[in-house]
Colleague: 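The structure follows.
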Amino acid sequence: MSGAVLVSARHEAKAATYVAALRAVGVPAEAIQVVTPEVGAEDLPARAAAAAGLVLCGGPDVDPVRYGEQTRPDARVDVNPGLDAQEWALLDGAGASRVPVWAVCRGIQVVNVYLGGTLWQDIPTQLPSGIDHYPKAAPESLAHEVRVVAPETALGVQLAGEPPRVNSRHHQAVKDLAPGLLTAALSPDGLIEACELPAEAGWWLRAVQWHPENLVALPPQRELWQAFAREALGAR
């Protein structure tokens, strides 16, 4: 089915909250397709090129080989090469046809590496701070503030006002930002929490490090999903 919103995840269960967030902002169930390495899919670039939009979900770590590093023995890196291959192929197709991309948690790391950036393999051992980026709490629990550093960006506009508080479940983060991406917001300890491609790039691509799929009850977080839905449904 061309014109679907593709949701890329490690497995169907992992995609459930992302699908629910899309449904909550008006994307019809019949317009959503989950793509997983377990199921397998042929012609992934072509499927992405024909899609209305692409959502990259949270999940395992990006293989460090993709950004030119060896895995640190103390970094607790958990990779899924099949998922990496899937999402690289989907981004190939989405980029070729300028399909809107909304990237969450692992997603921000995927698009950063795909476009030429690097990652911190393990925040606690490489960049310790007073911020716990993986607290043991309910998915919707707010862990820390994020600070808008580029109010002129689309994400900066959406997150303007009181410094938003976000949830957090990640042990890796963007290290060197890929060429072309703009930083929109940072965590209190300086990690990149939101980034996007500028309008002049001609490709609607926005990414956040937190989990707004758990926060759709909060208007600013819901608006992040609504912006993607407007772009995707308009294309569809």
Side-chain angles (χ1 to χ4, degrees), residues 1-39 41 44-60 62 80 82-115 139 154-155 158 166-167 169-170 174 181 184 193-197 203-216 220-236:
M1 168 183 167
S2 64
V5 174
L6 303 182
V7 179
S8 176
R10 176 164 32 181
H11 46 69
E12 288 270 354
K14 184 69 176 177
T17 52
Y18 301 84
V19 171
L22 290 169
R23 294 290 310 281
V25 296
V27 181
E30 64 272 17
I32 303 170
Q33 289 184 351
V34 176
V35 183
T36 70
E38 296 163 337
V39 175
L44 283 174
R47 285 185 66 187
L54 172 62
V55 178
L56 301 179
C57 299
V62 176
N80 186 317
L83 184 57
D84 288 352
Q86 170 176 291
E87 294 185 338
W88 256 249
L90 289 170
L91 285 168
D92 283 345
S97 294
R98 296 301 189 254
V99 170
V101 174
W102 174 225
V104 173
C105 196
R106 166 188 158 90
I108 192 175
Q109 299 163 15
V110 168
V111 297
N112 185 59
V113 175
Y114 178 84
L115 293 172
L155 285 169
Q158 289 176 293
V166 301
N167 54 359
R169 295 194 303 278
H170 63 105
V174 171
L181 285 173
E193 290 279 344
C195 66
E196 64 187 61
L197 284 175
W203 186 13
W204 195 103
L205 185 154
R206 299 178 189 174
V208 296
Q209 183 60 77
W210 65 91
H211 284 271
E213 74 279 8
N214 301 128
L215 303 175
V216 289
Q221 302 295 328
R222 186 183 182 90
E223 172 56 26
L224 298 175
W225 288 95
Q226 289 173 324
F228 171 73
R230 287 193 296 268
E231 194 72 16
L233 294 179
R236 188 171 183 267

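From a predicted model like this one, the values you see are computed outputs, not experimental measurements.
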Colleague: Could you state the interatomic distance from CG (L90) to CG (L56), rounded to the nearest 0.5 Å?
Modeller: 7.5 Å
Colleague: Any chance you could measure C195, atom SG, to I108, atom CD1, to the nearest 0.5 Å?
Modeller: 4.0 Å
Colleague: What are the two closest non-hydrogen atoms of L6 and A48, and how far apart are they?
Modeller: CD1-CA, 3.9 Å
Colleague: With rounding to the nearest 0.5 Å, note down the distance linking OH in Y114 to CG in L91.
Modeller: 5.5 Å
Colleague: Contact between P212 and V216 at the side-chain level, heavy atoms closer than 4.5 Å - yes or no?
Modeller: no
Colleague: So do L83 and S8 actually touch side chain to side chain, heavy atoms under 4.5 Å?
Modeller: yes
Colleague: Show every donor-acceptor pair shorter than 3.5 Å between a side-chain atom in residues 93-107 and any protein atom, with sequence neighbours excluded, or say none if there are none.
Modeller:
residue, atom, partner, partner atom, Å
R98, NH1, G95, O, 2.3
R106, NE, E87, OE1, 3.1
R106, NH1, P60, O, 2.9
R106, NH1, D84, OD1, 3.2
R106, NH2, D84, OD1, 2.8
R106, NH2, E87, OE1, 3.1

Colleague: What is the distance from atom CG of N80 to atom NE2 of H11, rounded to the nearest 0.5 Å?
Modeller: 9.5 Å
Colleague: If you look at every heavy atom in N167 and W210, which pair is closest and at what distance?
Modeller: O-CB, 3.0 Å
Colleague: Main chain of A184, side chain of E196: is a donor-acceptor contact present, judged purely on distance under 3.5 Å?
Modeller: no
Colleague: For the atom pair CD (Q221) and CG (N214), what is the distance rounded to the nearest 0.5 Å?
Modeller: 10.0 Å
Colleague: Between the side chain of Q109 and the main-chain N/O of V174, is any donor-acceptor distance below 3.5 Å?
Modeller: no
Colleague: Between the side chains of T36 and E12, does any donor sit under 3.5 Å from an acceptor?
Modeller: no
Colleague: I need the minimum non-hydrogen distance between V166 and L215, along with the two atoms involved.
Modeller: CA-CD1, 4.5 Å
Colleague: With a 4.5 Å limit on heavy-atom distance, are the side chains of R169 and P139 in contact?
Modeller: yes
Colleague: Should V7 and Q33 count as side-chain neighbours, where that means a heavy-atom distance under 4.5 Å?
Modeller: no
Colleague: Give every donor-acceptor pair under 3.5 Å between a side-chain atom in residues 13-25 and any protein atom, sequence neighbours left out.
Modeller:
residue, atom, partner, partner atom, Å
Y18, OH, G58, N, 2.9
Y18, OH, H211, ND1, 3.4
Y18, OH, E213, OE2, 3.1

Colleague: Applying side-chain contact (heavy atoms from CB on, under 4.5 Å) to L181 and L205, what does each step give before you reach the verdict?
Modeller: CA-CA 9 Å; L181 285 173; L205 185 154; 4.2 Å; yes
Colleague: Residues two or more places apart in sequence or in another chain: which of them pass ring pair (Phe, Tyr, Trp, His ring centres under 6.0 Å) with H170?
Modeller: H133
Colleague: How many angstroms lie between atom CZ of R206 and atom CD of Q158, to the nearest 0.5 angstrom?
Modeller: 5.0 Å
Colleague: Give me the atom names and distance for the closest heavy-atom approach of P28 to L233.
Modeller: CD-CD2, 4.2 Å
Colleague: Sequence neighbours excluded, which residues qualify as ring pair (Phe, Tyr, Trp, His ring centres under 6.0 Å) partners of W204?
Modeller: F228
